[in-house]
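Okay, so here's the structure we're looking at.
Just so you know, residue 1 is the first one in the sequence shown, and it goes up from there.
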Amino acid sequence: MPKMKTRRSAAKRFKLTGTGKVKRNKANFSHILTKKSPKRKRNLGQSGLVAASDEKRVKRMILT
């Protein structure tokens, strides 16, 4: 049987941290930024973590 391929779309969006958690970028930071407050934009620029309920699914997409 052939090897499983990594889902490239997921691999570009998610990264694994050193402890095995899944890091992601926050949504709503690409356009229409004029109406958003500086605090909101600053927080959107920082990375977040994938929710625990989705972590298993995302890991399977990027590690297989």
Show which side-chain atoms of residues 38-49 pair as donor or acceptor with protein atoms under 3.5 Å away, not counting sequence neighbours.
| unit_1 | atom_1 | unit_2 | atom_2 | d |
| --- | --- | --- | --- | --- |
| K41 | NZ | L33 | O | 3.3 |
| N43 | ND2 | K39 | O | 3.3 |

R13: partners by salt bridge (charged side-chain N to carboxylate O under 4.0 Å, His left out), with sequence neighbours left out = none

Enter the distance from R8:CZ to I62:CD1 here, rounded to the nearest 0.5 Å.
-> 10.5 Å

Is a side-chain donor or acceptor of K15 paired with a backbone partner of A11 at a separation under 3.5 angstrom?
-> yes

Which value, rounded to the nearest 0.5 Å, describes the distance between L16 atom CG and K21 atom NZ?
-> 12.5 Å

Is the backbone of F29 close enough, under 3.5 Å, to the side chain of K36 for a donor and an acceptor to pair up by distance?
-> no

What pairs meet the salt bridge (charged side-chain N to carboxylate O under 4.0 Å, His left out) rule with one or both residues in residues 24-34, with sequence neighbours excluded?
-> none

